[in-house]
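Okay, so here's the structure we're looking at.
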Amino acid sequence: MACAAHPQTLTGWAVERPGPIASGPLASVRRPVPEPGPGELLVTVEACGVCRTDLHLAEGDLPPHRPATVPGHEIVGRVAAAGAAVTRFRTGDRVGGAWLRATCGRCRYCRAGAENLCPSSRYTGWDADGGFADLTLLPADYAYPLPESTPATTLAPLLCAGIIGYRALRRCALPPGGRLGLYGFGGSAHLTAQVAVAEGARLHVLTRSARARELARSLGAVSTGGAYDRPPEPLDSAILFAPVGDLVPVALAALDRSGTLAVAGIHLTDIPPLTYQEHLFYERNLCSVTANTRLDGQEFLRTAARIGIRVTTTPYPLGRAPEALADLAGDRVQGAAVLVPDAEFSGS
């Protein structure tokens with residue numbers, strides 16, 4: 001396949017020294033542009049969402065899998081060049097890159113349709129460089145075709161915040177017309193909320209941010225409150241998006257009999273002791289959410305298009321990526337933070 005002309009230098013940000021965001025864990029980098037290998041796409045980045053997982057990697061909550069990795073796994077871009085054996089995409093196609101980057105395809109989890117549990121799984125922005133840059137490589141088999149008519153900043157948060165929230169919604173076993181509680185209301189929760197409401201859920205949002213509570217009401221929440229408040233009715237299901245272990249017993253205590261709490265994050269602070277009678281008895285369930293499958297992504301993207309999902313974003317030029325992470329850490333982002341191309345930064 002013919003290659004489109006592209007720059008010879010990649011510009012972006014890498015996690016140089018993991019630590020508190022105030023310590024400046026991101027460093028700007030300029031590197032030679034890699035050539036796509038067999039089955040790979042070289043992608044010009046149009047937008048990259050900023051996920052809380054990127055923050056966990058930068059601050060060291062997630063141990064780095066390799067030194068000086070470029071984070072970012074909510075990638076929207078254009079195919080600039082394709083490696084050998086790529087048949088799904090052509091130069092110029094719009095594609096999306098998500099968290100799940102590769103699996104073995106042979107283990108019992110992969111064979112059973114649970115590729116998110118593959119012991120050999122690899123992740124964008126953790127095991128390989130991601131989208132906090134103007135160019136990146138993506139495996140074609142794990143990329144998603146994206147519509148031309150939707151702005152890149154709207155599409156980017158769908159590729160992790162949306163997909164992981166969708167999986168969490170399925171994991172929490174919400175019955176038809178059920179009562180759902182969301183703890184935390186950032187990039188992922190505000191997308192999950194819309195799917196749940198479209199499917200008939202009664203939505204209750206518990207979060208410390210007054211601005212987030214206002215957004216939740218505009219998206220159909222029947223009640224909002226502080227993160228540690230009790231919802232006005234027992235919950236059939238709940239999802240914990242905030243990476244705060246102290247909220248696990250709070251959410252479990254809010255469940256009705258046989259209710260399920262799904263913990264959506266890749267990182268959680270320690271969970272305090274649970275009381276069997278108060279938190280787990282009456283067949284209450286506690287489960288985690290681990291990555292996603294490609295089928296999750298396909299189903300969610302179809303659902304988002306069908307219901308006309310509304311994506312609330314706060315854009316940042318690529319050169320201000322450290323500020324975007326700091327604002328995310330400080331709960332100053334409305335909806336989802338998204339990095340967009342920055343000619344001044346890339347040309348510096």
Side-chain angles (χ1 to χ4, degrees), residues 34 36-43 49 51-54 56-57 62-66 69-77 79 82-89 93 95-131 136-146 155 157-174 188 191-192 195 239 260 262-268 285-304:
E40 289 186 324
L41 305 171
L42 178 66
V43 174
C51 179
R52 190 163 289 276
T53 301
D54 301 317
H56 291 318
L57 180 66
L62 294 182
H65 282 180
R66 57 199 287 272
T69 300
V70 176
H73 54 272
E74 297 178 333
I75 302 165
V76 178
V79 177
V86 173
T87 58
R88 292 182 63 217
F89 300 104
D93 284 352
V95 297
W99 178 234
L100 186 69
R101 184 182 189 89
T103 57
C104 75
R106 301 180 301 276
C107 69
R108 66 187 182 96
Y109 301 104
C110 287
R111 295 197 308 271
E115 64 182 2
N116 61 306
L117 301 179
C118 174
S120 300
S121 57
R122 290 168 56 82
Y123 300 95
T124 305
W126 196 15
D127 295 293
D129 288 340
T136 193
L137 289 176
L138 294 176
D141 285 347
Y142 290 78
Y144 296 92
L146 296 178
L155 290 169
L158 303 183
L159 291 161
C160 178
I163 293 172
I164 295 299
Y166 180 82
R167 185 170 183 86
L169 184 60
R170 298 297 175 242
R171 289 280 288 161
C172 77
L174 179 68
S188 190
L191 301 175
T192 308
V195 176
I239 304 173
T260 297
V263 179
I266 192 173
H267 169 78
L268 189 72
N285 305 288
L286 172 62
C287 68
S288 64
V289 179
T290 300
N292 65 277
T293 67
R294 283 170 285 181
L295 182 59
D296 292 327
Q298 294 159 9
E299 289 181 354
F300 171 69
L301 291 172
R302 286 196 298 267
T303 299

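All residue numbers in this chain count up from 1 along the given sequence.
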Quick check: closest heavy atoms across [X] and [Y], and the distance to 0.1 Å?
X	Y	value
Gly113	Thr293	O-CG2, 3.9 Å
Leu41	Ala82	CD2-CB, 4.0 Å
Leu100	Ser121	CD1-CB, 4.3 Å
Cys51	Cys160	SG-SG, 4.0 Å
Pro157	Leu191	O-CD1, 3.8 Å
Ala262	Ala168	CB-O, 3.9 Å

side-chain contact (heavy atoms from CB on, under 4.5 Å) between Leu155 and Tyr144, intermediate numbers included: CA-CA 11 Å; Leu155 290 169; Tyr144 296 92; over 6 Å; no

Could you walk me through whether Asp127 and Arg101 pass the side-chain contact (heavy atoms from CB on, under 4.5 Å) test, one step at a time? CA-CA 9 Å; Asp127 295 293; Arg101 184 182 189 89; 5.6 Å; no

Is there a donor-acceptor contact under 3.5 Å from the side chain of [X] to the main chain of [Y]?
X	Y	answer
Trp99	Leu159	no
Arg122	Ala128	no
Thr136	Gly130	yes
Arg88	Ala143	yes
Asp54	Gly72	yes
Ser288	Val263	no
Arg294	Tyr142	no

Flag side-chain contact, heavy atom, 4.5 Å: [X] against [Y]:
X	Y	answer
Phe300	Val195	yes
Cys107	Pro119	yes
Thr260	Cys287	yes
Val43	Val95	yes

How long is the gap from [atom1] on [X] to [atom2] on [Y], to the nearest 0.5 Å?
X	Y	atom1	atom2	result
Leu286	Cys172	CG	SG	12.5 Å
Arg170	Ile239	CZ	CD1	9.5 Å
Arg52	Ser188	CZ	OG	11.0 Å
Ile164	Asp296	CD1	CG	7.5 Å
Trp126	Leu62	CH2	CG	5.0 Å
Leu158	Thr303	CG	OG1	11.0 Å

Go through the steps for Thr290 and Leu117 under the test side-chain contact (heavy atoms from CB on, under 4.5 Å), then give the verdict. CA-CA 7 Å; Thr290 300; Leu117 301 179; 4.0 Å; yes

Residues Asp129, Arg66: salt bridge by 4.0 Å N-O rule: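 Between Arg66 and Asp129 there is a salt bridge, with a charged N closer than 4.0 Å to a carboxylate O.
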
